[in-house]
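See below for the structure under consideration.
In what follows, every heavy atom counts, from backbone to side chain, and hydrogens, waters and symmetry copies are set aside. In what follows, chains are A, B, ... by sequence order, proteins preceding strands, each numbered from 1.
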Protein chains: 2
Amino acid sequence: MVRRGSYAKGVAKRQEILRAALDVVAREGYRGASVRQIADAVGLSQAGLLHYFDSKEELFTEILRTRDQVDQAAFEPPPSTSPSIARLIDGYLRTVRHNAEVPGLVQLFSRLAVDGADPQHPAHRYFVERGTALRSASGEVVAQAQREGIVTDAVPAETICRMLQAISDGMQLQWMLEPETDMAEVVRALFLVLAPGAVDAGEAGDAAS
Amino acid sequence: MVRRGSYAKGVAKRQEILRAALDVVAREGYRGASVRQIADAVGLSQAGLLHYFDSKEELFTEILRTRDQVDQAAFEPPPSTSPSIARLIDGYLRTVRHNAEVPGLVQLFSRLAVDGADPQHPAHRYFVERGTALRSASGEVVAQAQREGIVTDAVPAETICRMLQAISDGMQLQWMLEPETDMAEVVRALFLVLAPGAVDAGEAGDAAS
DNA sequence: GTCTATATGTTGATAGAC
DNA sequence: GTCTATCAACATATAGAC
C-alpha cells in the first residue's frame, strides 16, 4: 500500500483521517455521503481531504478496511488461541450484534458491496480478498468441526462458509429496511441448524454483553 | 396504482415502457443507468419518458415490480395447486437459477435494496411489501412442513423464511462479485440442511432445465 | 404525448496561492 | 500540506413549443 508521498507523517495523518471518518459514518450514517461531508466532519476542506486519497471511491474503500482492522482487533480471538467452532460462532454473533449499533457502516458496506461488483471499482479487490480470507479462515474451523461430528457434513465446508457470509450480508439488507429485525437471531438460527450442539444456550436473544 | 392521467392508453404505454426497460436492463446491465439511457433504449426522449414516471427512482422501482410480475407468472405454481414445501423449494431454486441469467436485474435489485433502506425512497414500500408477502406466503408452507416433520422445527418458521430471503440476497452479492459462484448450489444446501428429505436428488448442480 | 431546450443542482476533481 | 476558488461533467426535472 505504498503511495505517492507516503512518508511516516502522511501515513499517520491518513490513518487519523480514516479513524475520524469511520466514527462519523458510524454515527451519522452513510446516505450517499459526499467527500465534502466527510471532509467537513474530519476538519478538512474537500481538496485537503482528497490530497490523501486518489478518489472518493478509494476513500470509502479505505474506511471499510479500517473498520475491518478495528473490528478484528475487538472481536477476533488472539491468534495464539486454538481456533474452534465455538469461538467462530461467538465471534460471528458478536460482530453481527455490534453491526446493529453502527448503521452507517452497514449502509456503507452494503452500498460498496454492490458498486464493488464492477472490477474497475477500488472496492472490488477489497471485497474479493475479504471474502476469500473470511471463507478460508472459517473454512478450516468448519471442516475440523465436521470431522469431529459437531457440524453437519451434509454439505461441504466451503458451502457452509458461503452460507454464513450470505446470511450475514442478506440480514443486513433486511435490517436496514426494518431496523427492528434481529439480525443475530437469524444468524444464530443457522448455526443452530448446522451445529445443534455447538451453539451456546446462553447466546439466545439479545444476550447481555 | 392509480396515477395522474392514468387513462387506459397511458397505462398501456407505461406497461409497454416498463417491459422494454426490463429487457434493456436485463440484457445490458444496470450500472448506475441514467434515465436518458433507458429513454434511448425504449425510443423516447428523457423528458418523454419522465412524462410517465414521477422520478428516476420511481421508474426503477416500477421496473422491479414488473420483473416480479413476470417472474411470478413464470416460476410460481398456479394458485389452484396446493402449496407444498417441494414446490416452494423448486420455485426458489428455479428463480435463483434464472437470476444468474439476468445480471442487470440482480444489480438493479441489489442497488435499490440498499437505497430503499431510506423510508423516503419509493423502493422502500416495494421492499417492505415484497418481504412481507414473500415471508407470509412461504411461512405458511414451511410451518405446515414443520408439522409434518419434513422441515426442522429447531427454529421458528418465520426465522426460516428470513434465512431463505437473506441467503438469496446475500448470494447475489457474492455472485455479482464473482460470477462463477453457483448461487443455486448454496441456496440448495440450506434447503438440504433444513429439510433433508424434501430436496429433489435430481436438483443437484446445474440441472438441465 | 412527445419533443427541444434549459434551469438548477450536485458532484468529484484540479489549479494555484500561501 | 492545506486552503480558496473554480471547473467540467453529469444528473434530474421542468417549461413551453408543436
Side-chain angles (χ1 to χ4, degrees), chain A residues 2-21 24-25 28-63 107-108 111-112 114-116 118 120-123, chain B residues 2-21 24-25 28-63 107-108 111-112 114-116 118 120-123:
Chain A
V2 180
R3 295 169 34 79
R4 157 177 50 99
S6 58
Y7 297 120
K9 184 175 179 189
V11 171
K13 178 75 176 180
R14 202 176 130 103
Q15 278 304 313
E16 184 191 323
I17 292 173
L18 286 173
R19 288 300 184 107
V24 170
V25 171
E28 302 185 5
Y30 169 86
R31 168 134 10 270
S34 64
V35 174
R36 234 179 213 97
Q37 286 172 329
I38 301 292
D40 290 350
V42 303
L44 278 179
S45 71
Q46 183 239 17
L49 176 54
L50 279 187
H51 174 72
Y52 293 94
F53 302 90
D54 290 337
S55 68
K56 168 198 183 171
E57 294 173 341
E58 198 222 325
L59 164 62
F60 283 116
T61 304
E62 290 304 311
I63 292 179
Q107 293 164 21
L108 176 61
R111 173 58 186 274
L112 283 200
V114 177
D115 292 353
D118 183 349
Q120 302 305 314
H121 195 290
Chain B
V2 180
R3 295 169 34 79
R4 159 176 49 99
S6 57
Y7 297 114
K9 187 175 176 188
V11 170
K13 179 74 177 180
R14 201 174 131 103
Q15 278 305 313
E16 183 191 324
I17 291 172
L18 285 173
R19 289 299 183 108
V24 169
V25 171
E28 301 185 5
Y30 170 85
R31 167 129 16 267
S34 65
V35 173
R36 197 169 247 109
Q37 286 171 327
I38 301 292
D40 290 350
V42 303
L44 280 178
S45 72
Q46 181 238 20
L49 175 55
L50 278 187
H51 174 72
Y52 293 95
F53 302 90
D54 289 337
S55 68
K56 168 196 182 170
E57 294 173 340
E58 197 222 324
L59 164 62
F60 283 116
T61 305
E62 291 303 311
I63 292 179
Q107 292 165 20
L108 176 61
R111 175 57 187 273
L112 283 200
V114 177
D115 292 353
D118 183 349
Q120 302 305 314
H121 195 289

- Message: How many whole angstroms separate atom CG of Asp40(B) from atom P of dA11(D)?
- Response: 11 Å
- Message: Does any part of the side chain of Ile63(B), heavy atoms only, come nearer than 4.5 Å to the side chain of Phe53(B), both counted from C-beta?
- Response: no
- Note on the structure: When rounded to whole Å, the CZ to P distance for the pair Phe53(A) and dA13(C) reads 13 Å
- In whole Å, what is the span from the CG atom of Asp115(A) to the P atom of dG12(C)? 12 Å
- Task: Measure from NZ on Lys13(A) to C1' on dC3(D) and round the result to the nearest Å.
- Result: 13 Å
- Item | Ile38(A) CD1 to dT11(C) C1', straight-line distance once rounded to whole Å | 14 Å
- Message: Checking Asp115(B) now: which residues fulfil side chain to side chain donor-acceptor pair (under 3.5 Å) with it, not counting sequence neighbours?
- Response: Arg111(B)
Contacts table for residues 29-38 of chain A: side-chain donor-acceptor under 3.5 angstrom, sequence neighbours left out:
residue  : atom : partner  : partner atom : Å
Ser34(A) : OG   : Gln37(A) : N            : 3.3
Gln37(A) : OE1  : Ser34(A) : N            : 3.0

- Message: The criterion is side chain to side chain contact (heavy atoms under 4.5 Å, CB included); which residues satisfy it with Val24(B), sequence neighbours excluded?
- Response: Arg27(B), Glu28(B), Ala41(B)
- Task: Mark up nucleotides 12-18 of chain D, 5' to 3', with B wherever a protein heavy atom is under 4.0 angstrom from a base atom, S wherever such an atom reaches only the sugar-phosphate, and - elsewhere.
- Result: BBB----
- Message: Measure CG/Leu49(A) against C1'/dT14(C) and give the value in whole Å, please.
- Response: 15 Å
- Item | Contacts of type side chain to side chain contact (heavy atoms under 4.5 Å, CB included), residue Ser45(B), not counting sequence neighbours | Ala47(B)
- Considering non-hydrogen atoms only, spot the tightest contact between Leu50(A) and Ser55(A) and give its length. CD2-C, 4.1 Å
